[in-house]
Amino acid sequence: SYTYNTMISACAAGAQVDEAERLYAEMKSERREECLPTRVTFNALLDVYGKAKDLEKAKTVIREMVLQGQSPNRVTYNELMSAFAQQGHWQEAEELFNAMEGHWGLHPDVFSFSTLLSAYSRAGEVSKVEPLLLKMNAYGCPPNLITYNTLVDVYGRSGMLKEMEGVMEEMERCGCTPDIVTWNTLIRSYGQAQNQEGMVNAIQRLMGSGCRPRIRTYSTLIDAYTACGMADDALSVYRSMKEAGHTPNTLTLLSLLSPLGQAGKWKEAEEIAETVRRVKGVQL
RNA sequence: CCUAUAAG
C-alpha cells in the first residue's frame with residue numbers, strides 16, 4: 001500500500017492522471033489485504049486530479065471514499081480546497097473550509113488557512129484576509145513561513161506595499177526567517193508596482209540574506225527591472241545567471257523579450273522568440 | 001506513505 005500510495009502521489013507533479021488511475025486499478029486488483037486502498041490512497045489520487053485541474057473528478061474522490069467506508073480527513077479537504085484555489089475559485093474553497101468543520105468536525109490546520117489565503121490571493125480578495133487571520137488566531141493556529149509568504153503575496157499583488165512590509169516586520173518579530181520565496185515575492189511586488197527604490201532595496205535584502213537565488217529568482221529579477229524601465233540591468237541579470245551556472249528555461253527566455261525590446265535589440269529578441277517557438281509550442 | 005506559498 002505504501003508503495004502504491006507513494007507512486008500515485010508521484011503522479012501529482014506531472015499531473016499524470018492516466019498513470020495514477022492505472023496504479024489505482026492495479027492496486028484494487030491485487031486482492032491482498034495489505035494492498036487495499038486506504039484514505040491516504042484516496043488523498044493521493046485526489047491530489048493528482050487537483051493538480052490536473054480536473055475539479056469534477058477531484059470531487060468524485062470524496063464520494064468514492066465514503067462509499068468505500070473511508071472518511072475524509074483534513075488532508076482530503078486541504079487538497080480539494082487547493083484545487084479550487086488554483087483555479088481562482090475562492091468561494092468554493094471557502095465553502096469547503098467551512099464544510100470540513102460542519103460536516104465532519106475536522107478543525108482547520110495551518111495548511112487549511114494558508115490554502116484559503118492563497119485562494120484569496122489569486123482572486124485579489126484582500127478584504128477577506130484580515131478576518132481570516134483573526135480566525136486563525138482564535139483557533140490558536142500560529143502562522144508559519146508559508147503562511148507569511150502567502151500574506152506577502154496577497155498584499156504585494158494588490159499593491160499594498162505598506163501592509164506587505166508589515167508582514168515582513170511581523171516575521172522578524174516572530175523569529176521567522178524569510179526564504180527565497182519571500183524574497184522573490186517581495187521583489188516581484190515592487191517591480192509590479194514600478195517602485196524602483198523598493199525593488200532595488202528588496203534585491204539588496206535578498207543578497208544580504210544568504211539565500212541562494214533559484215532559476216525563478218532570475219526571471220523575477222528580469223521582470224522587475226524591466227517593469228521599472230531598467231532594461232540594461234535586466235539583461236545583466238541574464239548574464240550573471242549563466243555565469244552562476246543556471247540553464248535558462250522557457251520562462252526565463254520569455255522574460256527576456258521585453259527588456260530586449262526596451263533596449264531596441266529587436267534582432268536578438270526575435271532569435272529568442274524563435275528558439276522558444278522551436279522547443280515549445282508556445283504562442284507569443 | 002498523502003496536502004498549502006514565488007517567475008511569462
Side-chain angles (χ1 to χ4, degrees), chain A residues 1-12 20 27 34-35 37-51 58 61 65 70 72-86 93 96-97 100 106 108-122 141 143-154 156-157 167 178-189 191-192 202 206 211 213-227 234 237 241 248-259 272-273 276 280 282-284:
Chain A
S1 238
Y2 282 22
T3 312
Y4 277 112
N5 293 344
T6 304
M7 290 194 300
I8 291 173
S9 172
C11 297
M27 195 172 180
E34 193 51 36
C35 285
T38 64
R39 175 154 67 191
V40 172
T41 313
F42 290 111
N43 287 347
L45 235 198
L46 164 11
D47 187 40
V48 175
Y49 290 137
K51 296 287 193 306
V61 175
M65 208 167 166
Q70 307 267 7
N73 65 4
R74 239 184 309 230
V75 173
T76 318
Y77 272 92
N78 291 345
E79 289 174 337
L80 233 206
M81 283 174 59
S82 174
F84 283 107
Q86 308 277 146
L96 286 163
F97 184 94
M100 72 190 272
L106 299 168
D109 63 3
V110 65
F111 280 74
S112 322
F113 282 103
S114 301
T115 304
L116 189 51
L117 275 175
S118 78
Y120 293 150
S121 179
R122 270 184 265 264
C141 178
N144 63 16
L145 174 60
I146 293 186
T147 317
Y148 285 123
N149 285 344
T150 310
L151 282 170
V152 170
D153 184 72
V154 210
R157 277 189 202 286
V167 176
D179 69 357
I180 190 61
V181 173
T182 320
W183 299 120
N184 288 349
T185 309
L186 202 74
I187 293 165
R188 185 210 64 210
S189 301
Q192 176 194 294
L206 157 64
C211 288
R214 303 297 153 81
I215 185 78
R216 276 180 188 224
T217 309
Y218 293 100
S219 45
T220 302
L221 288 168
I222 293 170
D223 295 340
Y225 275 125
T226 306
V237 165
M241 175 186 140
N249 62 21
T250 305
L251 293 163
T252 322
L253 295 178
L254 288 175
S255 290
L256 279 173
L257 296 178
S258 342
I272 290 193
V276 173
K280 199 101 179 172
V282 182
Q283 62 288 4
L284 302 176

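Letters A, B, ... are given to chains in the order of the sequence lines, protein chains preceding strands, and every chain is numbered from 1.
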Can you identify which nucleotide, out of [options], has its nearest atom closest to the [X] side chain?
| X | options | value |
| --- | --- | --- |
| A:Thr220 | B:A7, B:C1, B:U3 | B:A7 |
| A:Val181 | B:C2, B:A6, B:A4 | B:A6 |
| A:Leu254 | B:G8, B:A4, B:A6 | B:G8 |
| A:Arg157 | B:U3, B:U5, B:A7 | B:A7 |
| A:Ser9 | B:C2, B:A4, B:A6 | B:C2 |
| A:Asn249 | B:U3, B:A7, B:A6 | B:A7 |
| A:Asn78 | B:U3, B:A4, B:U5 | B:U3 |
| A:Thr150 | B:U3, B:A6, B:U5 | B:U5 |
| A:Ile146 | B:A7, B:U5, B:C1 | B:U5 |
| A:Asp153 | B:C2, B:A7, B:A6 | B:A6 |

At under 4.0 Å between heavy atoms, what does [X] touch on the DNA or RNA strands: base, sugar-phosphate, or nothing?
| X | value |
| --- | --- |
| A:Asp109 | nothing |
| A:Gln192 | nothing |
| A:Ser114 | base |

Distance below 4.0 Å between A:Arg39 side-chain N/O and B:U3 OP1 or OP2: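 So the side-chain polar atoms of A:Arg39 never come under 4.0 Å of the phosphate oxygens OP1 or OP2 of B:U3.
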
Given A:Asn43, A:Leu46, A:Thr41, A:Thr38, the one that forms side-chain contact (heavy atoms from CB on, under 4.5 Å) with A:Met65: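 Checked A:Asn43, A:Leu46, A:Thr41, A:Thr38 against A:Met65; only one passes side-chain contact (heavy atoms from CB on, under 4.5 Å): A:Asn43.
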
Flag for A:Ser112-A:Asn78: side-chain donor and acceptor within less than 3.5 Å: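 Yes, A:Ser112 and A:Asn78 have a side-chain donor paired with an acceptor closer than 3.5 Å.
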
Shortest non-hydrogen contact between A:Ala12 and A:Val48, atoms and distance: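 Looking at all heavy atoms of both residues, the closest pair is N-CG2, 3.8 Å.
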
Residues which pass side chain to side chain contact (heavy atoms under 4.5 Å, CB included) with A:Gln86, listed by chain and number, not counting sequence neighbours: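 With neighbours one apart ignored, the set is A:Ser82, A:Arg122.
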
